[in-house]
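What follows is a set of notes on a single structure, which appears directly below.
All of these numbers come straight from a predicted model, not from anything done at the bench. In listed order, ligands and their atoms are each counted from 1.
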Amino acid sequence: MEERYQPHVIEEKWQQLWRQNQTFRVSEDPAKPKYYVLEMFPYPSGRIHMGHVRNYSIGDVVARYKRMRGFNVLHPMGWDAFGLPAENAAIERGIHPEIWTQENILYMKTQLQRMGLSYDWEREIATCEPEYYRWNQWIFLQFFKKGLAYKKSSFVNWCPSCETVLANEQVIDGACWRCDSAVVQKELEQWFFRITRYAEELLGDLEKLSGWPDKVATMQRNWIGKSIGAEIDFPLVGHEGALKIFTTRQDTIYGATFVSLAIEHPLALRLSQGTTQEQAVKAFIERFRAVSQAKRGAEEGEKEGVFTGAYCRNPFSGENIPIYLANFVLMEYGTGAVMAVPAHDQRDFEFAKRYDLPIRVVIQPLDREMTAQTLAEAYVDEGVMVDSGNFSGLKSTEGKEKIAAYAEEHGWDKKALRYRLRDWGVSRQRYWGTPIPIIYCERCGTVPIPEDQLPVVLPKDVPFTGKGGSPLRESKLFYEITCPKCGGKAHRETDTMDTFVDSSWYFLRYVSAKFDKAPFDPDKGRYWMAVDQYIGGVEHAVLHLLYARFFTKALRDLGLANVDEPFTNLLTQGMVSKETYRCSEHNWLFPAELVGSEKEGWRCSLCNRPVEKGRVEKMSKSKKNIVDPEDLVNRYGADTARWFTLFAAPPEKDLEWSDQGVEGGYRFLSKVWRLVFQHRELWVNAVTNGQAGELTPELRELRRMIHRTIKKVSDDIEGRFHFNTAIAAIMELYNALNAAAQSGNRSAGAAGVIKQGLETMIVLLAPIVPHVASELWEQLGHRERLDQVPWPEYSEAALEEERLLIVVQVNGKVRGKITVPADVTQEYIETDALADPKVQGFLDGKKVQRVVYVPRRLVNIVVEG
Ligand SMILES: [Zn+2]
Ligand SMILES: [Zn+2]
Ligand SMILES: [Zn+2]
């Protein structure tokens with residue numbers, strides 16, 4: 001055994017052994033309970049970052065821990081390999097996206113392997129490979145047959161920088177999720193997945209997900225956005241027909257003083273025709289058409305509108321009210337027409353103030369009286385209806401029902417259920433994605449590619465110009481095709497699928513990664529699904545996690561998946577953050593660009609100006625506060641990297657980078673190494689299950705501590721994943737073992753207990769720092785490899801403080817019994833025996849001549865007479 005801890009030698013040795021022995025390969029074993037742990041797979045950008053290290057270290061501890069607990073553990077890894085960066089690399093540097101992607105995968109795979117992550121690499125997948133994406137196409141065709149995939153023309157979110165369509169879920173505060181550009185609206189024909197068919201189930205099943213963070217369930221609930229309201233007809237004045245408005249506050253209908261339409265509403269232009277407003281309406285529509293729905297719908301945006309020149313009749317008040325176009329009314333939600341109630345809706349209130357429209361209070365709160373003149377903002381809560389004809393005096397809740405019922409009686413209304421959730425637009429005008437398996441024939445129209453002709457392989461003869469339009473259109477070999485139905489002239493669909501399709505079912509592919517008859521083998525699916533523990537970033541709360549739930553349900557209804565929900569438990573880990581530095585001249589600086597010290601203050605090495613120490617922020621290239629995991633592993637080894645990310649914070653909280661923290665981890669592992677090294681011969685030869693009776697009180701306490709530590713670490717990991725407190729407990733155990741080892745007691749009993757402690761510590765460390773733990777285990781003389789050792793059990797009995805039952809005699813006759821802690825002194829026991837009230841009665845004030853102590857059993861008090 002080397003005296004010094006040498007992480008690189010050890011780590012290489014064990015990684016090679018694990019590879020040779022296929023230690024982490026699994027197959028279905030009905031005799032064992034299964035456990036499926038999964039981390040969100042990475043995009044192969046080129047290098048892993050600290051966020052990956054954290055995510056995968058958490059998953060790996062769980063996988064290794066569950067294996068030691070006797071579970072048959074599935075722990076796979078793969079690559080979310082389609083996407084824009086590969087295409088941009090092709091445009092900028094002339095490298096084909098496939099080559100760029102494959103090179104990145106190879107490099108990142110070696111990086112992951114150097115972390116010692118216990119994956120079954122036999123199941124590795126890359127979504128850009130035809131063996132994978134053919135099943136995207138196959139699923140698309142099944143969806144098409146079931147009406148779950150359809151094509152329609154609509155206004156879509158368009159990112160001018162990515163030159164592609166975005167799903168609603170991919171527009172964050174009006175900007176592209178990927179590049180942050182402002183999203184505009186564009187009318188396009190594209191393919192949709194009918195996720196709305198599952199809206200009610202996606203909502204209801206959130207109740208089943210007790211193993212998910214509440215915040216994620218809430219975000220999905222809000223995104224689905226169910227509301228129960230009414231559709232009521234407002235007859236047009238001077239035109240045929242009526243405007244159908246949607247409302248969830250029909251109790252405020254007497255306060256509706258105008259109607260607002262979305263600019264896309266079919267009547268928007270027609271109502272103004274021939275009026276003096278015609279030009280103004282046209283200009284207004286032009287102005288807002290290019291603004292994204294998300295931006296227009298934003299709460300804080302400016303409320304703007306234009307009068308159409310037309311009126312309709314409020315069927316309840318009988319009043320004629322003006323019809324406006326308003327920028328914040330969305331065609332997507334409800335009917336694209338809303339009754340505007342300025343007194344009780346904040347957006348309508350702001351709009352009415354701006355355009356000087358009447359405000360009428362029709363709901364009064366119970367505790368005060370409001371008037372339209374004194375209203376500073378809309379009163380949006382419920383209350384009592386006033387100025388509402390025969391409905392006045394009713395409470396809001398009651399009024400809602402009565403109004404809806406009344407309208408229904410008169411044929412103006414139907415009860416309406418609404419969801420905020422829209423169908424998922426999946427067409428992308430890009431190259432590096434799954435081709436959509438559809439053909440357009442001049443005679444037969446839209447024709448699905450026959451299933452036996454899958455995969456539709458991405459062609460290679462495509463120029464990358466970045467000039468927009470679908471690049472697949474440029475490949476003659478790909479584009480032109482004969483119709484499989486009639487043999488006539490036809491052409492292929494040139495859009496590719498949203499890459500979120502790839503990740504919506506990859507967790508199912510892992511159960512049988514090479515299966516070639518279906519997306520996955522249903523028998524293996526039955527054994528492994530659902531994923532017991534899923535781990536990833538919270539930024540996927542409504543995108544990936546909602547799509548994956550939808551796919552699981554849709555695949556279940558196709559007779560493939562056997563579960564309703566894909567992920568039983570979800571852990572969303574926090575960010576990795578670090579302090580930032582900024583120069584007034586050179587902006588953000590790398591730590592290497594600083595001169596000076598924390599004490600004297602940092603200066604910029606480029607201009608010598610004082611540097612401002614900025615906030616602690618999420619690690620990012622642009623803020624230059626990143627740490628490259630490769631440097632970290634080169635310097636300290638993978639075990640230290642793992643130890644630090646697990647110890648520095650509980651997994652769901654943000655982790656702040658600290659150089660001292662990393663050094664502390666390395667020091668701790670070196671100390672553990674030294675403790676084993678120092679008296680290695682003694683430990684190897686010691687017998688661990690010595691008799692308790694022979695031990696000193698200190699050693700008996702040490703043995704109790706060993707069991708306490710097993711309990712604490714098990715409780716912290718099981719279900720709660722509090723690795724940080726588990727590691728703290730292991731460090732305490734180390735301190736106690738080290739003190740005992742340095743005490744100089746070289747008895748067989750002492751060596752036995754210390755060895756038991758060392759072995760326990762090593763086994764508890766095994767999931768966290770597997771390389772050094774495996775090596776130390778071997779150094780202690782074990783032939784059996786550490787990855788085959790079960791998790792230790794603690795004994796309740798050993799946890800309890802040992803107590804002795806001592807018989808107390810007076811002049812040789814039994815007069816009482818006392819219990820005392822086992823590790824107390826003789827003096828303590830004698831004093832206790834003399835003080836016992838029963839014994840006192842027999843002493844009767846007589847003088848004690850002497851006390852005889854038989855160790856651990858008996859005290860005899862000899863008194864005169
Ligand atoms: Zn973009
Ligand atoms: Zn045809
Ligand atoms: Zn500078």
Side-chain angles (χ1 to χ4, degrees), residues 43 45 82-89 91-92 144 156-186 188 190 290-295 425-433 437-450 453 466-471 479-493 495-496 498-500 539 543 580-596 600-614 622-625:
Y43 178 77
S45 56
F82 272 141
L84 264 184
E87 209 164 327
N88 291 339
I91 295 162
E92 285 157 25
F144 182 71
V156 292
N157 307 302
W158 178 263
C159 174
S161 161
C162 300
E163 297 207 44
T164 188
V165 170
L166 299 172
N168 285 354
E169 288 80 3
Q170 293 160 348
V171 180
I172 318 287
D173 299 330
C176 171
W177 70 284
R178 208 190 64 76
C179 73
D180 228 21
S181 306
V183 168
V184 299
Q185 296 292 295
K186 201 168 172 175
L188 268 185
Q190 66 154 3
V291 181
S292 78
Q293 305 252 350
K295 196 162 187 184
V426 295
S427 298
R428 295 293 178 272
Q429 293 68 42
R430 304 301 306 216
Y431 168 75
W432 194 230
I438 291 289
I439 287 167
Y440 302 104
C441 168
E442 286 169 3
R443 211 172 312 159
C444 318
T446 302
V447 182
I449 298 266
Q453 287 174 29
K467 282 283 160 283
S470 299
Y479 185 68
E480 286 167 10
I481 185 173
T482 50
C483 171
K485 249 187 181 166
C486 72
K489 225 174 130 192
H491 69 88
R492 287 185 198 269
E493 168 67 59
D495 284 352
T496 53
D498 183 359
T499 56
F500 277 91
E539 66 273 19
L543 283 156
T580 49
Y581 296 95
R582 202 169 193 170
C583 164
S584 56
E585 176 74 18
H586 295 96
N587 212 348
W588 305 106
L589 298 175
F590 287 114
E593 293 171 324
L594 306 176
V595 288
E600 301 158 15
W602 297 104
R603 309 185 79 80
C604 172
S605 64
L606 306 166
C607 66
N608 212 32
R609 283 188 176 81
V611 163
E612 179 197 340
K613 186 168 175 177
S622 59
K623 302 227 167 85
K624 300 193 174 179
N625 63 340

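The backbone N or O of L166 sits less than 3.5 Å from a side-chain atom of N157, completing a donor-acceptor pair.
When only modelled atom types and interatomic distance are considered, Y440 and H491 share no side-chain donor-acceptor pair under 3.5 Å. E612 and Y581 form no side-chain donor-acceptor contact under 3.5 Å, judged by distance and modelled atom types alone. A donor atom on one side chain and an acceptor atom on the other are not found under 3.5 Å apart for T580 and N625.
Nearest N, O or S atom of H586 to the Zn ion (ligand 3): atom ND1.
Computed with the Zn ion (ligand 2) at the centre, the C444 SG to C483 SG angle is 110°, stated to 10 degrees. Rounded to 10°, the angle that SG of C604 and SG of C583 form at the Zn ion (ligand 3) is 120°. Rounding to the nearest 10°, we obtain 110° for the angle at the Zn ion (ligand 1) between C179 SG and C162 SG. Seen from the Zn ion (ligand 1), atom SG on C176 and atom SG on C159 lie at an angle near 110° (rounded to 10 degrees).
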> Do R428 and D498 pass the salt bridge (charged side-chain N to carboxylate O under 4.0 Å, His left out) test, and can you show the C-alpha distance, the side-chain angles, and the key distance before you say yes or no?
Replying inline: CA-CA 6 Å; R428 295 293 178 272; D498 183 359; 3.0 Å; yes
